[in-house]
Each structure stands twice: as structure tokens, then as C-alpha cells.
Student: 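Have a look at this one before I ask anything.
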Amino acid sequence: MPELPEVETTRRGVEPHVVGREVERVVLRETRLRWPIPPDLPSRLQGQPLEAVERRAKYLLFRTPVGTVLVHLGMSGSLRLVSPGQPPARHDHFDIELSGGHVLRYNDPRRFGCCLWLPPGETHALLSGLGPEPLTGDFNAESLYRRSRGRKGPVKAYLMDQKIVVGVGNIYANEALFLAGIRPDRAAGRISLARYRALVEQVKLVLTSAISQGGTTLRDFVGGDGKPGYFAQQLYVYGRAGQPCKRCGSALRELRISQRSTIYCVACQR
DNA sequence: CGCTGACCCTGACGGC
DNA sequence: TGCCGTCAGGGTCAGC
């Protein structure tokens, strides 16, 4: 599930139930994620108040006075609030039990996610070297254009490079390139500033729109059994290879860029 | 430094 | 019904 909008939706969903609470207990069931969960995480967290839930790229940061829990949902992870005593399901790898009667429960079938501990003041290697957040002014056409000069790789791979900009995953890279009218296999270094302006605008629009969609299902995070909101009904190209373009009717084509499914319209994208 | 492909893991799905 | 190959929204890492 998690692209940036799903991660931000998760952050907004759990924040009001987590901030101001205290960690009563941490239960680890399966520590073999992308990297092992530190065995001392429960003892470090126990009794600590949670001061904030932040997001950087697709990482969730749970702040306490003695350090930060850094969570990534990988490809298949989710973080939900459940009631105390609710029996764990398959792939429910750990719980953070909070005062006030909520349990933060992490589920991840593929185990590509992670849960790491970050001492205060330290900046984790995973977070250093990340590019700007896509919804801030630091992500702009001028710097995107400037940094692209001389690059021969496809613009879609460039857009998904976390050093260039964070949080643009495969779905939204496909969508933004369609909306900006840019062929995903065009060399990043051979795209004009004007077209990068269009691309930046569409990245911001598509992410903002998806976050607002996800926001409609926030209630699912508390005691519900529904999944976080999904954006499928508004997709122009992702998952639609062979089907007609919603703008011009041409059959959408598929190719692979950096091992990832890439769909585009030969007529609308140049 | 830039770029490509292998890899981590489970589950869903389509073809035979 | 079962088996097998392929694919999936993440990212790191080695190697050229």
C-alpha cells in the first residue's frame, strides 16, 4: 500500500491517539524485517511519553524524550490502532501498547519494512542524503532541472531517486508523468525547464489530491476493520496497460524502467 | 558519480 | 484442483 499519501494518512490517523500517551509495553513477535528490530526496543520505550509523530519521506518518526522510533512500511506494511486484547493476526509483527486503551499494531507480510531506534540528536544514515519533501518549496523546477543536466537515465527513474526528491513512488511517478505529458523513458538531462515546471506542478497536485482522498477514511484507523483509503478510481495510467487513454483513447503501452512497471500514452506523452 | 540489475519476502493470480 | 511462473505500491547494495 504505502506510497507517500498512505504514509501521511497513517501518520494523521494515529497521531491524535498516540501523542500525549505513554508506552506501557512493547511486544515483539517477529523481528526479522528489512533490518532486525533491536531487541532492546521494548525496554527503551517502556514508560516513555510519545511527544510527536512526524514523517520524513516514507519514514514515520515517533518521538520520545529518550529517542525516536523510526518505522518504514516497506511495500506491504501497515500500522493500525487496535483495541487491547485483540488477538494478533498473521504478519502482525509488533505492538506498541499505549496508555488510554490503544495498541499500535504493525503488520507486514513481505517484511520489507523496518522498525529502528534512533538516539536523540543522531541523524540516521537512512535519513541523511534524502532529497527534499515533494510538497515543500525545496522541491521546485529550477533545482530539478539544474540537477538533471547531463543525466542520461530515464526521467522516471530520476523522479523516483530519493536523493532527488523523496516520496514519489511508482504509482504517482506514472501518474505525474502522464499529467505533465512527458514520456517516462526520456532522458532526464534532455527535458526543458518549462516541462520540469509542469512535472513539479503535477507531482504536487497528484500527491496532495491522494492525501485528501486518504483523509476521508481516517476513521478506519480506530477500531475499524477497513483498510486505509485508496486512490484507484482516479488513476489515469497506473494498472491500465492496454486500456484506452482517458484523454485521447489510444491504447496505453507498458515498459519496464528500473524493474518497475511503467505505463504511458504514446500520443499524450512526448 | 550515474546507472543497471540482483536481492530481500509473502501472497495473489493466470495459464496449463 | 494443483503446480508453476510472474508480478506487486519499498529500498539497499554491488558492480561496471
Student: Quick check for you: name the first and last nucleotides of DNA chain B, 5' to 3', having an atom under 4.0 Å from a heavy atom of chain A.
Tutor: B:dC3 to B:dG11
Student: Base, sugar-phosphate, or nothing: which does A:R147 touch, judged by heavy atoms less than 4.0 Å apart?
Tutor: nothing
Student: According to salt bridge (charged side-chain N to carboxylate O under 4.0 Å, His left out), who are the partners of A:E15, at least two apart in sequence or on a separate chain?
Tutor: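 Once residues adjacent in sequence are excluded, the partners of A:E15 under the salt bridge (charged side-chain N to carboxylate O under 4.0 Å, His left out) criterion are A:R11.
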Student: At less than 4.0 Å, is any side-chain N or O atom of A:S261 found next to OP1 or OP2 of C:dA8? Yes or no.
Tutor: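 So the side chain of A:S261 is within the cut-off, an N or O lying under 4.0 Å from OP1 or OP2 of C:dA8.
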Student: Scan A:I263, A:L159, A:I257 and name whichever one has a side-chain contact (heavy atoms from CB on, under 4.5 Å) with A:P184.
Tutor: A:I257
Student: In chain order, what residues pass the salt bridge (charged side-chain N to carboxylate O under 4.0 Å, His left out) check against A:E142, with sequence neighbours excluded?
Tutor: A:R197
Student: Encode nucleotides 10-16 of chain C as B, S and - characters from 5' to 3', where the letter depends on protein heavy atoms closer than 4.0 Å: B to the base, S only to sugar-phosphate, - to neither.
Tutor: BBS----
Student: Counting N and O atoms only, with roles assigned by atom type, does the side chain of A:E175 sit under 3.5 Å from a partner on the main chain of A:V237, one being a donor and the other an acceptor?
Tutor: yes
Student: Out of A:H124, A:R63, A:E51, A:E54, which one pairs with A:T68 under the side chain to side chain donor-acceptor pair (under 3.5 Å) rule?
Tutor: A:R63
Student: Could you work out, with salt bridge (charged side-chain N to carboxylate O under 4.0 Å, His left out) as the rule, every residue matching A:E201, not counting sequence neighbours?
Tutor: none
Student: Indicate the ring-plane relationship of A:Y106 and A:H93, choosing parallel, tilted or perpendicular according to the 30° and 60° boundaries.
Tutor: tilted
Student: At what distance, to the nearest 0.5 angstrom, does OH of A:Y264 lie from CG of A:L255?
Tutor: 5.0 Å
Student: Represent DNA chain B in dot-bracket notation, 5' to 3'. Only Watson-Crick or G-U wobble pairs with both distances under 3.5 Å count; pseudoknot-style crossings use [ ] and interstrand partners use |.
Tutor: .|||||||.|||||||
Student: Heavy-atom nearest nucleotide on DNA chain B for A:S258 versus A:R32: which residue maps closer to 5'?
Tutor: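 Of the two residues, A:S258 wins.
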Student: Regarding A:S99 and A:R21, is there a side-chain donor-to-acceptor distance under 3.5 Å anywhere?
Tutor: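 No donor-acceptor contact under 3.5 Å links the two side chains.
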Student: With P as the reference atom in both, quote the distance from B:dC9 to C:dC3 in angstrom, rounded to an integer.
Tutor: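 Going atom to atom, P in each nucleotide, I get 23 Å.
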Student: Run the side-chain hydrogen bond (donor to acceptor under 3.5 Å, both in side chains) test on A:N140 and A:S143 for me, step by step, so that the C-alpha distance in whole Å, both residues' side-chain angles and the decisive distance to 0.1 Å come before the verdict.
Tutor: CA-CA 6 Å; A:N140 57 69; A:S143 66; 3.3 Å; yes
